[in-house]
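What follows is a short report on a single structure.
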Amino acid sequence: MFGNIKGVILALLAGSVATGIGALYSIGSADLPVQDQQPLRFSHRLHAGILNIQCQFCHRYATQSPVAGVPSVALCQTCHESLSEATPDMKRLQIYWKDKRPIPWIRLQRLPDHVYFTHEMHLFAGLSCTSCHGKVDRMSGTPRAPTYEMGWCLTCHEQTGASQDCWTCHK
Amino acid sequence: MSQDPQATDEYSKQAASPYKWEMVVDLDRCSGCEACVVACHAENNIRISGEEEAAEGRAINWIRIERYWEGDYPDVKVKFLPVMCQHCDDAPCEPVCPVYASYHTPEGLNAQVYNRCIGVRYCGNNCPYVARQFNWFDPHWDEPLAEQLNPDVSVRSGGVMEKCTFCVQRIRSGKEAAHKEGRRVRDGEITPACVQSCPTSALIFGDRNDPDSRVSHLKKSRRGFHLMESLGTHPAVTYLRRLSE
Amino acid sequence: MTDRPTVWEEMPKINRDLLAPLQTTTWIYFLWVGALSCLVAAGAGAWTFQIQTGIGQTDLHHPIFWGSYIASFVFWIGVSHSGTFISGVLRLTNAEWRRPVTRLAELMTVVALIVTALFVFYHLGRVWRFYYLIPYPNQRELWPNFRSPLMWDATAIFTYATASTIYIYLPLIPDFALARDRIHGWRKSVYRWLAIGWHGSQAQWRTLEMAIRIITPLIVMVMISVHSIVGFDFGMALVPAWHSTIFAPYFVVGAVHSGLGMVMIGLYVLRKVYHLHNYVRTEHFEKLGKLLLVTTLLLAYMYFAEQLTVWYGKVPDHIAVQHSLLYGAYAVPFWFMVSCIYVIPLLTLVWPRFRQWPVGLMIVGLIINIGMYIERMLIIVPPLAHPRLSFQWDEYFPSLIELVILVGTLALALLLYSLAVKFVPVISIWEEKLGKKHAQEH
Amino acid sequence: MDLYRRTLFKILGLTAAGSSLPGCEREVHNLVPYLLPDGDIVPGVANWYATTCQECEAGCGTIVRVMEGRAKKIEGNPTHPVNEGKLCARGQAALQGLYNPDRLQGPLRREGKRGQGQFRPITWEEGLSEWVEQIRTHAGKSAMVTRPVTGTLASLLTTMMDSLSGRLVMYESTGEQTLRTANYLSYGTRTLPHYDLANADYLLSFGTPFLEHWLSPVSFGVAYGKFRQGRPMVRGRFIQVEPRLSLTASNADRWIPLRPGTEGLLAMGIGQVLLRDGLTNLSSSHQASFHRTFSAISLQTISADTEVSQEAITQIAHELSSASAPLIMGGGPAAAQTNGTTTLILINALNVMIGAIGRRGGLQWMEPQDSPVDLANPGLASERTLMDLALEFEQGSRALLHLYRADPLFTLPPSLKFERVFDHAQFIVSFSPFLDDSTLMADLILPDHDPLESWGDHVHHDTTSVPAWSVSQPVVRALYDTKPIGDVWLDVAHRLGGALGERAPWNTFHDLLKSRWQTVLTKHDSPRSFETRWKETLQEGGVWPSTIPHHQISPAMPSVTYKPPQFLGNSSDYPLYCYPYPSLGLHDGRGANRPWLQELPDPLTTGMWGSWIELNPTTAQGLGIHPGDRVRVTSDYGSIDASVMVFPGLHPDMIAVPMGQGHRAYGRYAKGRGVNPMVLLGPNYDEQSGSLATGGTRVRVERIKGGSQLPMLEQSGKNPVLGRLQETGGL
């Protein structure tokens with residue numbers, strides 16, 4: 001009897017501690033709802049993969065700005081002007097262009113306000129887009145890294161010898 | 001201006017930073033005009049506390065001009081003392097933080113990581129300069145005042161300690177620019193908002209590791225002193241005494 | 001002398017008397033618990049409001065970053081020392097008269113510790129991030145800062161809570177077994193579970209006594225260290241009038257002082273309510289009164305030493321604080337506090353006749369605790385209110401929300417204690433019997 | 001500095017007004033890409049645009065940090081000669097004018113009775129046609145009250161009001177009208193000199209609040225820094241003479257308090273000693289006239305009346321003569337008395353005696369320069385002129401009132417009865433972007449753009465060492481349905497047609513501005529095209545020559561007799577002098593709707609978000625008043641209630657009250673906050689300049705029930721014992 005109760009207590013304790021630690025371990029703040037309902041279906045696999053367009057052709061501010069930038073409708077139009085409106089999505093693009101309206105893309109990559117991140121310095125350090133964003137050229141929708149949590153950033157900073165000072169990334 | 005190639009080598013090493021930031025406050029120049037106060041508010045998204053909170057003693061100022069009266073009429077004198085975080089090398093606020101929200105950067109800055117802070121406020125007690133300010137509530141800006149907020153600086157939520165950062169966002173972008181050109185930051189290239197705005201140039205900012213920088217020269221001035229030197233906090237802010245008769 | 005009943009004859013009566021609170025409940029008790037629950041609900045509501053809107057619901061502002069929550073934290077942890085000190089020290093010194101007092105005091109320790117922990121949470125600016133304080137592996141690869149006295153504090157309190165739970169539990173096992181055998185209904189199974197198979201064999205008694213003998217000196221050491229560390233929270237800081245070596249011992253003695261006062265109150269009330277006059281006798285009050293006189297003198301000595309040093313030293317930062325206490329903004333509470341914790345106890349307790357008067361001793365205990373609460377506030381607020389830059393000097397008084405939370409938490413402590421009394425025999429039955437046996441043997 | 005300049009110009013872009021910017025998208029979950037790429041704009045990277053500060057008349061050059069179409073920060077333009085990259089608190093708070101939550105978002109028409117504050121939104125077409133109708137109805141009866149404007153806008157407004165036979169009145173409550181009058185009498189020019197503080201080694205200032213708001217405070221601030229610590233081995237010495245220890249005085253090496261209004265007398269005493277001890281460098285022709293003026297009153301009497309000891313007077317005189325580059329400035333409270341002009345003439349004469357005229361480290365006038373725009377400055381109006389205007393409205397010769405960023409109902413004492421204008425005006429049009437106290441009375445509100453959304457220029461002809469012409473450009477797109485005042489007037493000119501239409505052939509104010517600048521920028525036969533030069537001008541923020549010859553002034557000693565100041569109210573009922581002073585942040589009240597400035601602690605009392613009455617500690621004690629007590633200040637003209645702050649640096653016979661609060665309207669931050677000390681003032685004028693003698697009213701102070709602590713930065717101020725220097729490591 002004595003042993004039994006001890007066992008139960010221990011099991012309960014161990015269980016709750018493990019669950020608690022597990023929950024606390026992964027707790028973070030950078031998550032966004034994973035939804036990919038963009039105003040028009042855009043395929044990175046098609047553009048970056050099959051057509052082999054370089055990332056920075058569209059995301060053209062990546063080397064000079066903290067943000068990589070979303071291409072303007074005008075930039076889409078440089079190619080799409082000469083293409084026939086084959087799909088409904090391409091037709092939708094034309095409507096935006098004719099209405100002179102920007103496309104209200106839904107944001108999937110975002111860091112919390114307390115994080116300072118700059119594409120500029122990461123590209124300057126020689127990182128490629130895929131190091132963080134994954135194999136974009138194989139993703140049909142909008143690519144999204146599994147997580148942009150602090151531990152994930154730190155792993156790379158540790159490996160590459162980049163600064164691990166808090167104020168490098170926290171603002 | 002240091003063009004020493006070794007300096008660049010040093011920068012590529014991560015262990016020690018080549019910079020030690022220092023501010024000099026020349027009390028003989030300071031006129032107490034408070035341009036720095038508004039500059040700091042504009043640059044650092046400091047909340048508008050409002051009348052009620054201000055009356056409670058909760059108005060947040062990363063830099064404040066303390067005013068001390070001396071003597072009685074007609075021999076009255078006023079002394080102004082701009083006080084901001086002194087970025088002490090032996091900062092009393094750092095060891096007491098239970099979660100490392102307050103810590104020392106390799107560049108000699110006394111950092112506060114807002115999202116790590118849980119608001120025990122021990123650091124605030126332990127700062128002899130009362131430089132640390134606390135967000136008692138979530139901040140609020142009447143629309144569209146929030147359009148002005150600086151995207152380079154976080155908006156601090158309620159329950160978080162904050163204080164002067166020497167405008168770390170400006171330091172960061174200054175270093176990035178220098179790093180891309182493979183050189184050291186030049187003297188005067190980085191100016192915190194208060195230093196930039198100060199009409200009388202009472203505030204000077206620079207790298208104390210650079211022997212030719214203005215702060216390195218001014219630090220050696222015979223007028224120089226540190227606030228509460230006896231506490232041994234080794235501040236990175238040097239005051240230059242106001243001369244009087 | 002011969003017609004006096006033997007221990008063995010007295011046993012059933014002891015069992016009956018001391019298990020009575022567990023078995024019978026009056027409507028007054030329900031009223032009392034109901035009233036306390038309302039207060040607790042009000043406190044909970046106030047805390048929820050504070051979390052929702054912000055810690056600014058307190059009257060705190062810079063430079064007074066700590067106020068009534070920390071003062072209450074210190075106060076309650078002081079109260080928690082009563083149990084350990086009385087039962088621990090008295091057990092160590094084999095003081096026979098301790099027997100009816102220990103359990104009651106140990107219960108206070110546990111209740112006070114629960115309340116103490118709550119104040120830490122009230123105080124946090126972002127309480128929903130409290131887990132940053134816990135050392136555990138996490139994806140951020142961050143640990144808490146063990147250089148911070150607050151982490152020492154958290155560790156010490158956690159240790160103390162664990163140790164005192166064990167400490168109160170061990171002597172409870174035989175009593176739980178007794179309750180298991182005497183009480184029916186749903187509680188029986190709980191008692192059975194808690195009694196972990198106690199059947200009073202020689203081996204079990206030997207083990208229990210050994211365990212108590214080991215843990216008693218340990219818990220006394222933990223107790224001293226815990227309150228020293230609470231003292232370090234202040235003593236380690238650079239705040240004028242905090243930065244002092246006397247804080248650690250002073251806090252320990254102060255804790256015992258208010259703890260003894262609290263025990264005095266508890267003892268009187270329980271004796272009155274549960275008619276325990278046979279067990280809690282005037283002799284116990286007298287002994288406790290003597291102890292209280294000792295702590296009064298010790299505390300007054302330390303306080304005097306500290307204030308004299310400041311006064312003679314004339315360091316401006318420290319003098320500013322002392323001035324505000326002696327004849328400045330805090331003079332009224334200061335002198336009130338001095339009367340409460342030094343003057344009144346001293347003037348009353350020195351009289352042997354007074355020490356024979358339980359009501360008077362209870363009132364002195366109450367006064368001491370009121371005084372000690374104010375003393376905690378005066379330790380924290382005036383030094384914070386007088387930073388070295390006199391431009392920032394300020395004053396503080398708890399806000400309504402703070403007061404509601406404080407009262408709610410006091411109600412919670414009383415509620416927990418009242419509930420515990422319904423569940424745990426307030427006087428250690430087997431120790432009482434053992435005492436009787438010893439008394440007869442001698 | 002050179003280095004900074006180079007990197008700066010890389011980032012100083014051209015105006016953002018024309019480019020396609022994302023709208024005010026609030027949804028953070030949406031990414032809004034540009035429809036059309038804009039070469040200048042990189043998302044996430046700040047652009048800086050040069051423009052001109054319009055928060056006060058100094059017109060400092062500024063650069064504005066703009067990110068994704070929003071203005072983030074205003075800093076001084078490092079190349080601008082006026083402020084050399086620096087900017088004061090008020091200039092930086094201009095952002096809160098742009099993003100003020102209480103800005104008017106489109107034209108409004110009054111509903112209900114005048115002054116009730118009920119307005120209905122209308123379209124610009126409705127508003128403009130009604131206005132044109134009113135101009136036609138009240139032909140020749142227009143009047144316009146504006147804050148001082150310069151440059152193209154000034155010339156446009158002048159032209160317009162000329163054509164309409166209207167009257168244009170530029171008014172500023174701290175316009176230093178007295179100084180201009182005195183300078184005209186002493187030096188023969190109304191242009192204010194450049195005070196070469198940076199190169200002076202001794203400054204004697206009679207009340208000038210040059211570090212707060214006087215003339216060009218940032219420019220003075222820059223010079224003050226150099227005056228103190230800018231030269232090796234030379235530290236300028238600074239004496240300030242005034243009855244209240246102002247922020248400027250608190251920086252002085254010595255503050256000499258004196259009886260209010262006796263500054264001229266003290267100047268006379270100093271001059272007397274200079275002449276007596278032969279310390280002047282006057283030509284013999286001058287000697288006699290100076291002697292006559294300065295020896296009229298004995299030194300003893302002077303000392304008794306001013307309350308400044310003879311030793312002090314003598315010492316100052318000797319210090320002046322032994323300094324190598326002494327400078328004397330007068331203004332502020334010294335000018336705000338009935339004898340203001342006389343006082344300043346005497347101070348001017350002192351400058352002549354010490355040879356400061358035209359000297360390095362003295363007073364310098366620049367040679368009048370060709371300006372890109374007409375120097376058609378109609379001159380600032382004094383309060384007397386405003387009274388004339390009020391009379392015209394009363395008599396019916398004026399009927400249509402235009403208001404442009406002037407708030408006379410707030411800034412003028414009610415005792416002047418300026419509301420007569422509003423009572424008699426048939427129709428009132430306001431161009432104010434805010435519903436201020438005067439605009440509240442308007443029939444039609446046609447809100448102007450914010451300065452940061454508008455084109456404009458600024459001519460610096462006073463107080464600068466070099467002439468400068470600055471431009472303003474829109475740094476952000478207009479937030480609301482407002483129209484720049486220049487465009488509105490041009491539009492109306494076209495609608496009215498006729499001669500007026502011919503005189504205004506431009507479609508927009510921008511066209512007008514460019515055409516004005518074309519004449520100047522191409523005048524100096526620059527090989528480059530105007531467009532290139534114009535772009536450069538916009539990038540640099542204006543044009544300014546590096547050096548110019550100084551203008552020679554031949555000063556005169558006008559015959560003046562010192563007259564003691566006259567006060568309204570007898571000394572037995574009203575024992576104290578009332579001294580309203582412009583607040584550092586709110587100035588005359590225009591900053592009151594900016595929360596940064598409301599929360600900016602007054603540097604001396606550290607009060608925020610309200611009004612207070614300053615009393616000398618001894619006076620307060622005598623009246624049984626404690627800090628924080630509520631008091632009523634009463635004059636013959638009105639009364640105000642506020643709480644007391646004890647102020648050690650105040651003449652015991654005075655009370656001081658900061659201006660800027662007590663608005664009836666002007667948005668949520670200003671409305672109903674504090675009290676307006678102008679209520680107390682009576683119609684007392686300086687005879688020669690027609691300026692209101694703001695220091696010329698007597699008051700009494702009584703304790704009333706209640707008492708509330710004003711928000712203060714100095715928290716120890718709650719306790720009068722505290723607040724003195726304890727330990728600061730020895731400043």
Side-chain angles (χ1 to χ4, degrees), chain B residues 49 52-61 64-69 81 83 91-103 113-139 157-161 227-228 230-233, chain C residues 51-67 69-70 120 123-134 140 142-154 233-234 236-240 242-243 317 380 383-384 387-396 399:
Chain B
S49 300
E52 273 176 42
E53 289 298 295
E56 295 248 345
R58 289 173 176 173
I60 291 187
N61 291 293
R64 62 172 184 269
I65 312 289
E66 298 202 342
R67 179 273 292 118
Y68 292 94
W69 291 108
L81 180 70
V83 183
C93 57
E94 287 166 7
V96 298
C97 177
V99 294
Y100 282 121
S102 173
Y103 80 101
V113 183
Y114 306 122
N115 61 308
R116 178 73 176 165
C117 175
I118 56 171
V120 299
R121 311 193 281 286
Y122 202 160
C123 55
N125 287 344
N126 220 22
C127 172
Y129 310 100
V130 203
R132 292 183 157 258
Q133 315 269 305
F134 192 70
N135 287 275
W136 301 96
F137 292 109
D138 279 331
S157 72
V160 165
M161 194 63 83
L227 219 47
M228 296 172 216
S230 60
L231 294 179
T233 52
Chain C
I51 293 173
Q52 268 176 354
T53 53
I55 192 78
Q57 294 301 345
T58 61
D59 184 52
L60 297 167
H61 48 263
H62 76 270
I64 306 166
F65 288 110
W66 288 2
Y69 296 150
I70 295 293
V120 176
H123 175 78
L124 290 184
R126 299 201 304 164
V127 66
W128 51 94
R129 292 266 186 247
F130 75 95
Y131 57 84
Y132 286 169
L133 285 168
I134 306 169
R140 293 178 298 275
L142 284 175
W143 293 91
N145 178 6
F146 284 99
R147 288 183 303 161
S148 169
L150 288 181
M151 278 317 289
W152 313 344
D153 224 14
D233 279 351
F234 304 93
M236 296 293 160
L238 210 51
V239 178
W242 275 11
H243 194 59
D317 315 333
I380 290 165
L384 288 181
R388 289 176 178 80
L389 291 170
S390 60
F391 190 76
Q392 297 287 331
W393 287 3
D394 209 342
E395 289 163 23
Y396 158 86
S399 72

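Predicted, not measured: the structure shown is a model, and the values here were computed from it.
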For Trp143(C) against Arg116(B), the heavy-atom pair lying closest together: O-NH2, 3.7 Å

May I ask you to name which of Asn126(B), Asn135(B), Val96(B), Ile118(B) has the most heavy-atom pairs under 4.5 Å with chain C? Ile118(B)

For the side chain of Asn145(C) and the backbone of Pro95(B), is there at least one donor-acceptor N/O pair under 3.5 Å apart? yes

Counting only heavy atoms closer than 4.5 Å, note whether Pro63(C) contacts chain B via side chain, backbone, both or neither. both

Heavy-atom check, side chain of Leu389(C) versus side chain of Arg64(B), under 4.5 Å: yes

If you apply the rule side-chain contact (heavy atoms from CB on, under 4.5 Å), what do you find for Leu231(B) with Arg388(C), and how did you get there? CA-CA 11 Å; Leu231(B) 294 179; Arg388(C) 289 176 178 80; 3.6 Å; yes

Looking at side-chain heavy atoms only, is the closest gap between Gln133(B) and His62(C) below 4.5 Å? yes

Just give me the residue among Pro128(B), Pro92(B), Cys97(B) that pairs up with chain C most often, heavy atom to heavy atom, under 4.5 Å. Cys97(B)

Taking every non-hydrogen pair under 4.5 Å, which of Ala101(B), Ser157(B), Cys127(B), Cys117(B) racks up the most with chain C? Cys117(B)

Answer with side chain, backbone, both or neither: which region of Tyr396(C) has an atom nearer than 4.5 Å to a non-hydrogen atom of chain B? neither

Residue selection (most heavy-atom pairs with chain B, distance under 4.5 Å) from Gly54(C), Ala154(C), Ser148(C), Pro144(C): Ser148(C)

Do Asn125(B) and Trp242(C) make a side-chain contact, defined as non-hydrogen atoms from C-beta onward lying under 4.5 Å apart? yes

Ignoring hydrogens and angles, tell me if any N or O in the side chain of Arg126(C) forms a donor-acceptor pair with the backbone of Asn115(B) under 3.5 Å. yes

Quick one: which of Gln57(C), Met236(C), His123(C) has the most heavy-atom pairs under 4.5 Å with chain B, could you say? His123(C)

Tell me, side chain or backbone of Asp153(C) under 4.5 Å from chain B's heavy atoms, or both, or neither? neither

So which heavy atom on Thr53(C) is nearest to which on Phe137(B), and how close? O-CD2, 3.1 Å

Is there side-chain contact between Phe134(B) and His61(C), with heavy atoms separated by less than 4.5 Å? no

With a 4.5 Å cut-off on side-chain heavy atoms, are Arg121(B) and Ile55(C) touching? yes

Donor-acceptor under 3.5 Å (Arg58(B) side chain, Leu60(C) main chain): yes

Any non-hydrogen side-chain atom of Tyr129(B) less than 4.5 Å from a side-chain atom of Gln392(C)? no

Least distance between heavy atoms, Ser390(C) atom then Tyr68(B) atom: OG-CE2, 3.4 Å

If one checks every heavy atom of Leu238(C) against chain B at 4.5 Å, the contacting part turns out to be both

Got a second to check how far Phe391(C)'s CZ is from Trp69(B)'s CH2, nearest 0.5 Å? 11.0 Å

Is there a donor-acceptor pair closer than 3.5 Å between any side-chain N or O of Trp66(C) and the backbone N or O of Val120(B)? yes

